[in-house]
Amino acid sequence: MDLFDDLPLPTDVAYASLAPGAVLLRAFACEADATLLQALNGIVAQAPLRHMQTPGGYTMSVATSSCGRLGWVSDARGYRYAARDPQSGQPWPLMPDCFTQLAQRAATEAGYAGFAPEACLINQYAPGAKLSLHQDRDELDLSAPIVSVSLGLPAVFQFGGLQRSDRPQRHRLLHGDVVVWGGPSRLAFHGVLPLADGEHALLGRRRINLTFRRVGESPART
Ligand code: MD6
Ligand code: FE
């Protein structure tokens with residue numbers, strides 16, 4: 001079977017349901033792309049993209065940074081949210097208004113009005129970089145959705161069920177696509193297949209993914 005036989009979505013569909021609670025908004029971020037990239041450059045100048053260690057002792061192929069009140073951190077102690085960048089000891093860069101506004105507009109469009117992101121995880125994929133199947137479960141507030149913005153080279157996104165063993169569907173994510181997921185899909189397993197090489201007009205040989213999250217309060221994390 002061809003790799004893309006089970007890609008259910010033609011690329012001209014503006015709005016597609018991936019699963020209950022999960023919506024793909026095609027090209028939703030295209031209009032704002034130059035503004036988003038300019039803000040992104042400011043963030044990574046302050047908090048550079050870096051390859052974090054997993055708790056299992058591997059180095060992630062994806063390079064990460066964060067902005068917002070909390071940032072996502074991985075090291076030998078585990079995955080968690082932290083108010084400071086461990087590399088600099090400084091608070092994470094503020095979330096730019098253009099980020100917050102895009103995330104809120106996308107969440108509203110997908111049926112999650114009132115989304116107020118506290119953290120934006122920035123993932124950079126070079127050709128070959130991948131993200132193994134995982135659940136996003138480091139957040140305490142699972143009532144809020146996650147808003148995920150794809151920029152640059154296309155990727156094949158794997159979207160599975162609530163069990164790791166559920167066979168994932170594959171969806172091609174292009175520059176400007178936004179996935180919003182929550183509710184019954186909030187803990188679905190998902191991942192990104194190794195990025196194919198290519199050249200994108202704005203971003204060159206890479207893909208950037210922004211995921212906006214609501215983390216929830218925890219005394220242990222403040
Ligand atoms: C990526 N995304 O698209 C990785 N997580 O590069 C994620 O891991 C992700 O897209 C939660 C919700 C949406 C996502
Ligand atoms: Fe994820």
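Whatever order the structure lists ligands and atoms in, that order sets their numbers, starting from 1. Computation of the quantities below employed the complete heavy-atom set of this structure, encompassing side-chain atoms and omitting hydrogens, waters and symmetry-equivalent molecules.
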Inset, instruction - Could you list the residues that satisfy ring-ring contact (aromatic ring centres under 6.0 Å, His included) with Phe159, not counting sequence neighbours? - result: Trp181

Legend entry - Close side-chain approach of Leu153 and Tyr125, heavy atoms under 4.5 Å: no

Legend entry - Ser150 vs Phe157 side-chain heavy atoms within contact, under 4.5 Å: no

Legend entry - Residues in contact with ligand 1, criterion: heavy atom under 4.0 Å: Tyr125, Leu131, His134, Asp136, Ile146, Ser148, Phe157, Trp181, His190, Val192, Arg207, Asn209, Thr211

Legend entry - Arg206 versus Gln124, side-chain donor and acceptor atoms under 3.5 Å: yes

Name every donor-acceptor pair, under 3.5 Å, that has one atom in a side chain of residues 36-50 and the other anywhere in the protein, sequence neighbours excluded.
{"from": "Asn41", "atom 1": "ND2", "to": "Leu37", "atom 2": "O", "distance (Å)": "3.4"}
{"from": "Arg50", "atom 1": "NE", "to": "Pro48", "atom 2": "O", "distance (Å)": "2.7"}
{"from": "Arg50", "atom 1": "NE", "to": "Thr64", "atom 2": "O", "distance (Å)": "3.3"}
{"from": "Arg50", "atom 1": "NH1", "to": "Asp85", "atom 2": "OD1", "distance (Å)": "2.9"}
{"from": "Arg50", "atom 1": "NH2", "to": "Pro48", "atom 2": "O", "distance (Å)": "3.0"}
{"from": "Arg50", "atom 1": "NH2", "to": "Asp85", "atom 2": "OD1", "distance (Å)": "3.4"}
{"from": "Arg50", "atom 1": "NH2", "to": "Asp85", "atom 2": "OD2", "distance (Å)": "2.8"}

Inset, instruction - List, by chain and then residue number, the residues other than Leu142 in its hydrophobic cluster (Ile/Leu/Val/Met/Phe/Trp/Tyr, side-chain heavy atoms under 4.5 Å); write none if there are no others. - result: Leu162, Leu187

Legend entry - Name, closest N/O/S atom of His134 to the Fe ion (ligand 2): NE2

Legend entry - Closest approach to the Fe ion (ligand 2) by Asp136, given as the N, O or S atom name: OD1

Inset, instruction - Give a yes or no answer on whether the side chain of Ser185 reaches the backbone of Pro20 with a donor-acceptor pair at less than 3.5 Å. - result: yes

